[in-house]
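Quick notes on the structure that follows.
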Amino acid sequence: MSLYLYSYLLIQLVVVAWIDIRHRKIPNTWIILNIVTFIFLILALPNPYAPSLQTFAYPLSFLALGFVLFLLNIMGGGDSKFLASFFLLIPTNRHETFFVVLLYTTIAVTFGLFLINSIRSRKKLAILLLTKDWSGLGQIYGKKIPFAPIILFSWPPFGHIIGIWK
C-alpha cells in the first residue's frame with residue numbers, strides 16, 4: 001500500500017467519521033466513491049487489486065454480517081456498506097491484517113464504552129440488578145455507536161504494522 005493511498009484513505013476516514021458522529025448516517029456517496037476508486041485501482045494497479053474471490057471475501061462478509069447486525073439494531077446499514085466498500089480499497093494481501101487491527105480496536109472501544117456507561121449509570125444499574133429488571137439495561141447499554149470513528153481509530157495502528165511511514 002502506498003503512502004498516497006494510505007493518506008487518501010486516512011483523510012476519507014476523518015471526514016466520514018465526522019459525518020457519522022454528527023449526523024449518525026454515512027451517505028451512500030462515500031460507498032459509490034469507494035467503488036469507483038476501486039475500479040480505477042483495478043485499471044491502474046492490476047497486481048494488488050486483481051479481482052478474485054479473495055478480493056471480495058472480506059467486503060462480502062462485512063455486507064452479510066452488517067445486515068445481521070443491522071437487523072439486531074447493533075450496527076447501521078451505512079456502516080456495513082461503507083466498511084465493505086472501504087475494504088475494496090485495501091490491497092487484498094492486507095485484508096487480514098486490517099481486519100485483526102479493526103477487531104481489536106472494536107473490542108477495546110466497546111469495552112471502554114461499556115465501562116463508561118456502567119460508571120455513569122452505576123446507581124441506576126445497581127437498582128436494575130437488585131430488582132432484576134433486565135429491560136432497563138437497554139437504556140444504559142442499548143445505544144448504537146457510530147462505527148466509522150472505530151475504523152478511523154484502527155487506521156494508524158494498521159499503518160504502523162504495515163510500515164507505511166518507512
Side-chain angles (χ1 to χ4, degrees), residues 1 5-43 48-118 120-121 134-159 162:
M1 174 177 273
L5 180 61
Y6 178 88
S7 300
Y8 166 74
L9 294 175
L10 176 61
I11 292 166
Q12 182 184 112
L13 283 172
V14 168
V15 173
V16 172
W18 182 79
I19 291 170
D20 199 14
I21 290 169
R22 187 165 167 99
H23 300 287
R24 306 291 283 190
K25 284 187 169 231
I26 299 174
N28 285 334
T29 308
W30 292 101
I31 290 99
I32 294 167
L33 176 65
N34 285 347
I35 292 169
V36 169
T37 304
F38 174 67
I39 293 168
F40 170 76
L41 288 171
I42 288 172
L43 299 173
Y49 293 98
S52 68
L53 187 57
Q54 186 179 4
T55 305
F56 297 104
Y58 277 92
L60 292 174
S61 298
F62 280 116
L63 281 179
L65 178 64
F67 182 69
V68 171
L69 293 175
F70 174 76
L71 292 176
L72 295 172
N73 203 26
I74 295 172
M75 185 179 206
D79 293 324
S80 62
K81 291 185 295 186
F82 176 73
L83 187 58
S85 72
F86 189 79
F87 257 87
L88 290 173
L89 303 180
I90 299 170
T92 306
N93 64 342
R94 302 292 191 186
H95 280 185
E96 185 175 348
T97 304
F98 184 62
F99 173 71
V100 170
V101 173
L102 181 62
L103 182 62
Y104 285 142
T105 305
T106 303
I107 291 168
V109 169
T110 303
F111 182 71
L113 290 174
F114 178 81
L115 282 177
I116 290 168
N117 287 339
S118 297
R120 282 186 183 163
S121 305
W134 310 122
S135 63
L137 291 175
Q139 295 171 348
I140 297 172
Y141 303 113
K143 303 172 197 124
K144 273 197 269 186
I145 59 170
F147 197 70
I150 295 174
I151 303 169
L152 173 60
F153 293 151
S154 66
W155 199 242
F158 170 70
I162 65 171

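Both backbone and side-chain heavy atoms feed into the values below; hydrogens, waters and symmetry mates do not.
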Is there a side-chain contact between Phe62 and Leu69, using heavy atoms and a 4.5 Å cut-off? no

Residues Leu63, Lys81; criterion side chain to side chain contact (heavy atoms under 4.5 Å, CB included); working and verdict: CA-CA 6 Å; Leu63 281 179; Lys81 291 185 295 186; 4.2 Å; yes

Would you check if Phe82 and Gln12 make a side-chain contact, meaning some heavy-atom pair closer than 4.5 Å? yes

Specify whether Trp155 and Tyr6 have parallel, tilted or perpendicular ring planes, treating 30° as the upper limit for parallel and 60° as the lower limit for perpendicular. parallel

Report yes if the side chains of Phe158 and Thr97 come closer than 4.5 Å at any heavy-atom pair, otherwise no. yes

Leu13 side chain reached by Phe86 side chain, heavy atoms, under 4.5 Å: yes

Are the side chains of Ile162 and Phe98 in contact, using a 4.5 Å heavy-atom criterion? no

Are any of the side-chain heavy atoms of Tyr104 and Val100 separated by less than 4.5 Å? yes

Do Ile35 and Ile32 have side-chain heavy atoms sitting under 4.5 Å apart? no

Grab the two heavy atoms, one from Gly78 and one from Ile31, that are nearest each other, plus how far apart they are. O-CD1, 4.4 Å

Consider side-chain contact (heavy atoms from CB on, under 4.5 Å). Of Val14, Val16, Val15, Thr105, which one does Leu152 pass it with? Val14

Correct closest heavy-atom pair for Thr92 and Thr55 would be OG1-OG1, 3.4 Å

For residues Pro157 and Val101, report the shortest heavy-atom separation together with the two atoms involved. CB-CG1, 4.0 Å

For Pro59 and Leu88, the nearest pair of non-hydrogen atoms, with its separation, is CG-CD2, 3.7 Å

Whether His95 and Tyr58 hold their rings parallel, tilted or perpendicular, with breakpoints at 30° and 60°: perpendicular

Show the nearest heavy-atom pair for residues Thr106 and Thr110, with the distance to one decimal. O-OG1, 2.7 Å

Measuring only between side-chain heavy atoms, which start at C-beta, is Leu113 closer than 4.5 Å to Val109? yes

